[in-house]
Amino acid sequence: MRVLVTGAAGFLGSNLCERLLKQGHTVVALDNLQTGAKENFSDFATDASFSFVEHDVTKPFPDLGAKFDRIYNLACAASPPRYQADPVHTTLTSVLGVLHGLDLARAHNARFFQASTSEVYGDPDVHPQPESYRGNVNPIGPRACYDEGKRAAESLIFDHQRMHKTEVRVARIFNTYGPRMDPKDGRVVSNFIMQALEGKALTVYGTGQQTRSFCYVDDLLDGFIGLMEHPTESGPVNIGNPVEFTMLELAEEVTKLIGGKANVVHEALPVDDPRQRRPDISKAKAAFGFDPKYPLVDGLRRTIEYFRTRR
Ligand code: UDP
């Protein structure tokens with residue numbers, strides 16, 4: 001198949017491109033390089049089935065050649081410091097980017113996949129979060145550009161489906177980690193690993209009792225492709241690993257694997273930081289057998305190895 005991946009130079013995008021090339025597809029990678037980097041393509045950049053186009057999805061797409069069969073829309077800064085650096089652009093990326101992708105999918109008769117997010121649940125008061133939960137999002141806080149942008153994107157997607165019969169797939173992604181994460185993007189896993197490798201104290205925000213559930217990238221991609229290739233399920237479908245950890249437990253795991261003392265320093269908790277997050281993945285399991293395989297310790301080992309080499 002001919003596949004377009006937007007946000008292709010990022011952590012998830014580049015891993016997705018590599019997986020699709022391995023499956024024998026032709027991949028057109030699109031990115032504005034705001035948070036992604038061309039170095040993420042280095043393992044497959046010379047593959048004849050791969051090409052890259054520098055473009056910002058807030059602008060209408062340039063001519064990208066022959067028709068696509070599949071469009072994966074992953075374009076959007078995803079770490080809180082990065083998406084809050086230019087919040088207006090973040091909202092427009094979600095809203096205009098998704099609209100441009102949907103219009104292209106309609107014109108090409110392609111299937112459209114949206115990388116949505118667990119952030120649509122905000123600071124959830126239902127735990128774990130099933131897809132039916134409508135969320136608890138602050139619409140005017142510093143996270144709103146991302147959370148509400150992604151919520152508006154979901155609304156556009158299902159309107160497009162109702163109005164134009166566009167074939168759509170919406171995945172709600174929970175915290176994911178693995179090789180090709182940007183060590184400087186401020187995420188908790190990359191921060192902790194880099195700090196431990198450099199012998200620094202691990203920065204725990206707030207008490208460290210807030211929770212997240214971390215999915216290794218290979219497992220997440222199984223979920224992406226499982227949903228994209230499902231004959232009928234449009235979603236939204238939660239994709240993530242349902243094993244939950246506090247940030248203090250994560251700090252301990254990282255320290256154990258890297259060695260050294262479990263040295264943590266507490267810093268201020270960001271505004272509207274969700275207190276807990278864990279996906280209910282029964283829908284993905286029933287629809288396409290989604291079953292994440294990597295326990296945190298195995299995924300962390302692989303990620304640490306990547307950061308050691310890269311450093
Ligand atoms: N966090 C932390 N130390 C860091 C970075 C993040 O304790 O150096 C916390 C953050 O406050 C949040 C959790 O880790 O509770 C996950 O943060 P991240 O930015 O990775 O993603 P989020 O799930 O908030 O989008």
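Ligands are counted one by one from 1 in listed order, and the atoms in each one are counted from 1 as well. What you see below is based on every heavy atom in this structure, not just the backbone, and it leaves out hydrogens, waters and symmetry mates.
- Look at D56 and K59 and you find no salt bridge, because none of the NZ, NE, NH1 or NH2 atoms lies under 4.0 Å from a carboxylate O.
- Applying the side chain to side chain donor-acceptor pair (under 3.5 Å) rule to R169 yields no partners; only residues at least two apart in sequence or on another chain are considered.
- Applying the side chain to side chain donor-acceptor pair (under 3.5 Å) test to R134 and every residue at least two apart in sequence or in another chain returns nothing.
- Contact shell of ligand 1 (protein heavy atoms, cutoff 4.0 Å): P80, E119, R143, N175, G186, R187, V188, N191, F192, T203, V204, Y205, Q210, R212, M247, P270, D273, R277.
- Put simply, the side chain of S213 does not reach to within 4.5 Å of the side chain of N175, judged on heavy atoms.
- Scored by the salt bridge (Lys or Arg N to Asp or Glu O under 4.0 Å) test, R275 finds D123 as partners (sequence neighbours excluded).
- F68 carries R2 over the face of its six-membered ring, with the cationic atom under 6.0 Å from the centre and within 45° of the normal.
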